[in-house]
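Data block below; observations after.
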Amino acid sequence: MGGLIAQIIMKYSKLADVYEKLEFTSSKLEKTDIISEFLKETPEDILKIVSMLLTGQVFPEWAELELGVGPSLLYDTISFVTGVKPAEIKNLLAKEGDIGNVTEKILKKKVQHILFKKELTVEQVYTSFERIARAYGSGSQNKKVKYLAELLSNASPKEAKYIVRIVLGELRIGVAEGLVRNAIAKAFNIEVNLVERAFMLANHIGIVAKAAKNGKDALEKIRIKVFIPIRPMLAQIAPDIQHVLKELGEAAMEIKYDGARVQIHKKGDEIKIYSRRLENVTEALPDIVKMAREAIKADEVIIDGETVAIDTATGKPRAFQEILKRFRRKHNIAGMLEKIPFETYIFDVMFVNGKETIDMNFRERRQVIEEVIKPVKGKFGTAEQIITSDFDEAEKFYHHALNKGHEGIMIKNLKAPYIPGARVGYMYKIKPTMETLDLVVIGATWGTGKRSGWLGSYFLGVRDEITGEFLPVGRVATGLSEEQLKELTSSLKPLIEYEEGQKVTLKPMLVVEVAYQEIQRSPNYKSGYALRFPRVVRIRDDKSSREADTKDRLISLYNLQATSEKKKLDL
DNA sequence: ATTGACTGCCC
DNA sequence: ATTCTGC
DNA sequence: GCAGAATGGGCAGTCAAT
């Protein structure tokens with residue numbers, strides 16, 4: 001009997017050992033082998049959980065369940081278990097760069113009550129995560145801390161390290177869905193393509209693993225169904241129009257609306273809307289439901305589109321922030337609906353009347369869209385499109401999109417199928433770049449993971465000509481190579497004035513050139529403005545902070561963009 | 001009843 | 001979202 | 001070229017603290 005139980009139960013320490021092995025293996029093929037071997041010996045009842053945990057996820061993104069534990073509650077929990085104060089944990093994290101390693105170290109130092117420990121199983125860990133996720137309402141934060149603390153006090157330092165990383169969604173072992181997907185194919189001897197397709201449709205790597213273990217037939221049963229959302233296809237950034245046209249020849253160009261992705265499912269009178277991450281957002285969008293019911297002329301469909309807020313007075317799209325005010329709203333939905341009306345533009349179709357359309361090419365799919373949708377003017381329609389192989393025409397369309405105040409254009413391969421979840425070279429996005437700003441680095445935070453030991457994110461200031469102050473305009477953390485990060489860290493270290501936890505205050509000396517998509521009004525930064533999608537393009541060793549850009553210039557650039565006079569650098 | 005910190009998810 | 005990096 | 005990792009602004013919802 002003992003033997004039977006031993007077969008079903010898997011110790012969590014075994015999974016932790018695999019995590020560790022993966023963390024210190026760099027070759028992807030080797031990682032795939034390790035995972036594949038592990039999956040082979042994983043009992044079927046826990047294959048679903050184990051596959052998910054290997055990717056560092058607990059619940060699929062479409063599930064309503066979420067842990068509701070972020071850094072703050074986690075540090076409280078670690079503090080509760082170890083007696084080390086949250087402030088000290090933050091200090092350790094600044095030095096160490098990984099909360100899992102910090103937890104492991106603290107626990108190793110602590111003399112544990114080994115006698116009272118039970119050995120954790122994978123199931124127990126998962127069940128604890130579920131309990132944490134299900135705690136809600138008054139007193140729930142205490143409960144979450146209590147459940148997680150229980151888990152950590154029964155864990156070995158190594159087990160705790162990975163539990164803690166999973167809680168924050170930063171497993172950092174160089175394994176995610178892609179490698180687990182390949183490993184599933186290898187473990188159960190099935191072509192990767194088939195596994196990949198099943199994964200795109202099921203959206204749950206565990207379900208796919210289990211099906212794969214049961215053979216090809218079980219995998220092939222995973223099909224597109226109405227009211228089961230599928231991963232939206234994603235676009236790649238294109239260097240420029242010419243480049244894409246050269247590659248594709250004749251292609252479709254569509255306006256790139258700066259809104260939120262909506263995947264609309266309809267069957268008869270019932271309509272559901274899913275977000276890009278497959279959350280059900282139907283309740284927040286009754287106007288889209290109504291319009292969809294009116295505009296869609298098929299009994300059963302799954303379509304893909306973008307919803308955007310248009311200013312009814314000017315016909316121009318409103319700031320993206322306005323969309324956020326409505327998109328996941330739960331209260332006063334009707335009130336905001338009047339203030340911020342949405343227009344929805346459909347650009348793809350995945351399923352019509354019992355049939356998958358994802359294998360049709362885009363030209364054919366567009367035809368289906370036009371047959372299925374009878375536009376309701378200014379409310380619900382198809383994405384504005386032209387088909388051309390001519391550069392001048394393409395450029396004209398790009399300017400047309402920008403003049404209408406939109407984000408840019410999409411260029412799509414007419415021969416391509418719909419590949420859910422993939423960011424493949426079938427869809428390109430082209431957006432203008434704004435004039436850059438030279439801003440002063442006024443602070444930073446110590447990096448984590450592969451940025452451990454370096455300053456990894458930089459607070460930026462814009463110069464106030466009158467007071468000589470540098471007013472915060474947000475932060476930047478991307479655009480820098482590892483070499484530049486190293487260089488910046490060493491040149492900023494002598495400028496440190498004050499340090500607390502991961503935060504560092506700096507003498508305002510160093511200037512960086514920052515690119516961005518848009519200047520936004522911001523209540524969060526003292527300058528009153530912030531940058532959307534900031535990235536460093538150059539370290540301005542040649543400039544002093546007194547030569548940095550001024551608040552006046554920032555404001556005039558902000559005002560310019562309102563009249564859509566964007567500077568296009570990518571033609 | 002109000003405010004603010006935290007979290008998750010849009011881009 | 002953007003960007004960099006190892007494979 | 002893919003996959004993974006590290007990081008951005010800002011919104012509403014939730015819960016704790018006042």
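In the text below, chain A, chain B and the rest are named by the order of the sequence lines, each starting its count at 1. The model shown is predicted, which means the values in this text are computed figures rather than measured ones.
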Length of the line joining [X]:[atom1] and [N]:[atom2], which is rounded to integer Å:
X	N	atom1	atom2	answer
A:Ile173	D:dA3	CD1	C1'	14 Å
A:Gln236	D:dG1	CD	C1'	8 Å
A:Phe459	D:dT7	CZ	P	12 Å
A:His406	B:dC11	NE2	P	17 Å
A:Lys503	D:dT7	NZ	P	15 Å
A:Ile323	D:dG10	CD1	C1'	13 Å
A:Lys325	B:dC11	NZ	P	18 Å

query = Closer than 4.0 Å, any side-chain N/O of A:Arg532 to the OP1 or OP2 of D:dG9?
reply = no
ask   = Between D:dA12 and A:Arg329, is there an OP1 or OP2 to side-chain N/O distance shorter than 4.0 Å?
value = yes
task = May I ask you to verify whether the side chain of A:Thr478 and the base of D:dT7 hold a donor-acceptor pair under 3.5 Å?
result = no
message = Looking at A:Arg165 and A:Glu104, is any side-chain nitrogen of the basic one under 4.0 Å from a carboxylate oxygen of the acidic one?
response = no
message = Treating A:Arg475 as the side-chain partner and A:Tyr458 as the backbone partner, does any N or O pair qualify as donor plus acceptor under 3.5 Å?
response = no
ask   = When you match A:Lys256 and A:Ser481 each to their closest nucleotide on DNA chain C, which lands nearer the 5' end?
value = A:Lys256
remark   = Residue pair A:Leu234/A:Gly479 against DNA chain C: nearer the 5' end by closest nucleotide is A:Leu234
Stacked cation flag A:Arg181 on A:Phe199, 6.0 angstrom / 45 deg = no
task = For DNA chain D, determine which residues of residues 445-458 of chain A have any heavy atom closer than 4.0 angstrom to one of its atoms, and list them numerically.
result = A:Gly447, A:Thr448, A:Gly449, A:Lys450, A:Arg451, A:Gly456, A:Ser457
query = A:Tyr428: what forms a ring pair (Phe, Tyr, Trp, His ring centres under 6.0 Å) with it, not counting sequence neighbours?
reply = none
ask   = Who pairs with A:Tyr516 by ring pair (Phe, Tyr, Trp, His ring centres under 6.0 Å), at least two apart in sequence or on another chain?
value = none
key: Closest to the A:Tyr525 side chain, choosing from D:dG9, B:dT7, C:dT3   = D:dG9
